[in-house]
Amino acid sequence: MRRATWVRLGLFLLALAVTAVLWSRTVRSDEVTATSWSELVAAVDEGRVAEVLLESDRVEAVLKTPDQKARRQVLVASRLPNLDERALLERLLARGVKVSGRIERQSAFWAAALSSIFPLVMLVLLFRTAGGLFGGKGGARPMSFGKSQAKIYDRSSENKASFTDVAGVDEAKAELLEVVNFLKEPARYRALGARIPKGVLLVGAPGTGKTLLARAVAGEAGVPFFSMSGSEFVEMFVGVGASRVRDLFTQARERAPCIVFIDELDAVGKARAGGNGLFAANEEREQTLNQLLVEMDGFDPGVGIVIMAATNRPEVLDKALLRAGRFDRQVLVDRPDVRGREAILGVHLKRLTKVKDVDLTVLARRTPGMVGADLANVVNEAALACVRRRGEAVEPGDFDEALDRIQLGLRKAGLVMRDEERRRVAWHEAGHALVAMSVTHSDPVHRVTIIPRSVGALGATLQLPLEDRYLMTQPELDDALAVLMGGRAAEALAFEHVSTGAQNDLERASELARQMVCRFGMSGLGPQTFGRAQGGLLPGAATFEERTFSDDTARRIDDEVTRVLETAFERARAVLTQRRAQLDAIATRLLEVETLEKDALDALARPGAVTST
Ligand code: ADP
Ligand code: MG
Ligand code: ZN
């Protein structure tokens, strides 16, 4: 065991001992005997009484005991009305008996109160100590009250990051360049009287590189980087979070110019709920937040401390944090577009030593919606795939494997499908692919596979958008619906019955059709929305639709959705009926090779291709 652990064990035992002693004292009560007045006076006369307590209604006489530690023997007698106090007092004093009145009772009350509260306090301490002793996680925490856990990222440390490590977020970098310049030469700004924003808030989805950017700013400016995560505060006891914040800023002031970075600010800076002091966590958060505000206001911006923070939920932040003089500069760290993704993939690919023939442009196009952290993961998975197959260098095939793994899940090992089922899946996927290749507004098909994946897909048709899309036109949505129906339509054509395999397609198609009718105004019901989304504003709360229409309208909506879906299905079936030969060719080939890439698909789908092979 380390020394700290011994110290904690000692403290733990000490707490235990003190508590035990206190309890035993409370337990040691007096032995009280009710007697008559005359007997009590007799005891005084015999010199057996050490102390007398005069109460309004009774007299208590504490008997002399030979041993200090023994239980006190107390005689209690009712006080007689109209007794001559002076005579009694003189008698007692003559015997050398200590006499006391009310005040003694008062202090007895305090002693009682203390002795019941103190064990409680000790218990709390004990639990915290025990938590540190036995709860493995963050062992040093509970006893190191208030000492800042802020880490220092020094210029020399390995954790150093620079702007070249962060790609695809050029606007954010441009905005932060000013902060870098200020940290490099605060004197120049001071001389001009220019003020730099005290607080910079990085806002963006998880994994877009906010933490990385903050570190890169410190790296570029060559200043120390103090960082702390908001989520650390939430579990703490009241008061600890606030003192951590105080400590963090004390340390930072000593090392200015520097950056103080508070990650996941929303954990601390959530808007204060009105009057809900029930939960200690809230209380703690509030105190921490207040302390943060105090610290932010408390220093002169000229000293060269820049506070950066990151959040993915700026909307929940307390308004006090966002007002002028605090986090008044907000920098959006956006999801990367296709060029940004290419750049990010480039950054991570550079870390791999051996790479062959990998086309970043294609890869970037295949990863729509992914953020920096996802892309880093893709590159790493590809490297792992290469190691698994004992390859020399990372090749495009490794990226296919990595993307399938991430987008579709692991290959399902040991899943044996009946021949009949494989045939069904082959026609189903061929149906999706052929419809996608036949309609005008669909994304090109990149590959089709009938290798089952653990997520539940028995096969997959991957389409590759040419660019990121922010809007979709009605023809594009109609085509997307037809492609979704392609699997089912192919099954209907090639087999006697349809199967359960199209369930997911149908769900997505139904959802899309309903949105077209109710949200996008793309149906016979005209340019209008139906229903209003409710809830969802509070994190974790379920969303539900508020109905803003009559029963009659509800029926017309249902009819319209059905019509849209049926039209899509008919379109898919028409396409496949017309190109039945190609459908069968693709499906047959899929059964042989399991996966078809774009070129092979195009060759098979070309009109007339079937007769020539
Ligand atoms: P956030 O803090 O926004 O959730 P991080 O900064 O923690 O995201 O990103 C996690 C990891 O993802 C980084 O360490 C880095 O490897 C990778 N990453 C994220 N964004 C980028 C980017 N724009 N450029 C390069 N790598 C990135
Ligand atoms: Mg982060
Ligand atoms: Zn399908």
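Order of appearance sets the numbers: ligands from 1, and atoms from 1 within every ligand.
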Q | Per-atom contacts of ligand 1 with Val166, taking only distances under 4.0 Å to non-hydrogen atoms | A | 23 (N), 24 (N)

Which residue and heavy atom of the protein sit nearest [atom], plus the separation:
atom	result
atom 2 (O) of ligand 1	Thr211 OG1, 2.6 Å
atom 21 (C) of ligand 1	Gly372 CA, 3.8 Å
atom 10 (C) of ligand 1	Ala373 CB, 4.0 Å
atom 4 (O) of ligand 1	Gly207 N, 2.7 Å
atom 13 (C) of ligand 1	Leu212 CD2, 4.1 Å
atom 25 (C) of ligand 1	Asp165 O, 3.2 Å

**Q.** Face-on cation placement of Arg424 at Phe495 ring, 6.0 Å and 45° thresholds
**A.** yes

With a cutoff of 4.0 Å, is [X] in contact with ligand 1, counting heavy atoms of the residue only?
X	answer
Asp263	no
His348	yes
Ala167	yes

Q: Output the atom name for the N/O/S atom of His432 with the smallest distance to the Zn ion (ligand 3).
A: NE2

Q) Under 3.5 Å, is there a donor-acceptor pair between the side chain of Lys210 and the main chain of Asn312? A) no

Q. Just by modelled atom types, is the Thr461 backbone N or O under 3.5 Å from a matching donor or acceptor in the Arg447 side chain?
A. no

Q. Roughly how far apart are Gln474 CD and His441 NE2, rounded to 0.5 Å?
A. 10.5 Å

Q | Inter-residue atom distance Cys386.SG - Glu401.CD, 0.5 Å rounding | A | 11.5 Å

Q.
Around atom CD of Gln515, are there more than 12 heavy atoms from other residues, nucleotides or ligands closer than 6.0 Å?
A. yes

(Q) Is there a polar contact, in the sense of an N or O pair closer than 3.5 Å, between Arg351 and ligand 1? (A) no

Q) For the Zn ion (ligand 3), does an N/O/S atom of Asp505 lie at less than 2.8 Å? A) yes

Q | Minimum heavy-atom distance Met308-Ala214, with the two atoms named | A | CE-CA, 4.0 Å

Q.
Tell me the closest heavy-atom pair linking Val338 and Arg365, and the distance in Å.
A. CG2-CG, 3.9 Å

Q. So which of Gly209, Gly204, Ala343 gets nearest to atom 8 (O) of ligand 1, if we judge by its closest heavy atom?
A. Gly209

(Q) Under a 4.0 Å threshold between the charged nitrogen and the carboxylate oxygen, would Glu395 count as salt-bridged to Lys354? (A) no

Q: Could you tell me whether Arg341 and Asp337 make a salt bridge, using a distance below 4.0 angstrom between a side-chain N and a carboxylate O?
A: no

Q: Answer side chain, backbone, both or neither: which part of Pro206 comes under 4.0 Å from ligand 1, heavy atoms only.
A: backbone

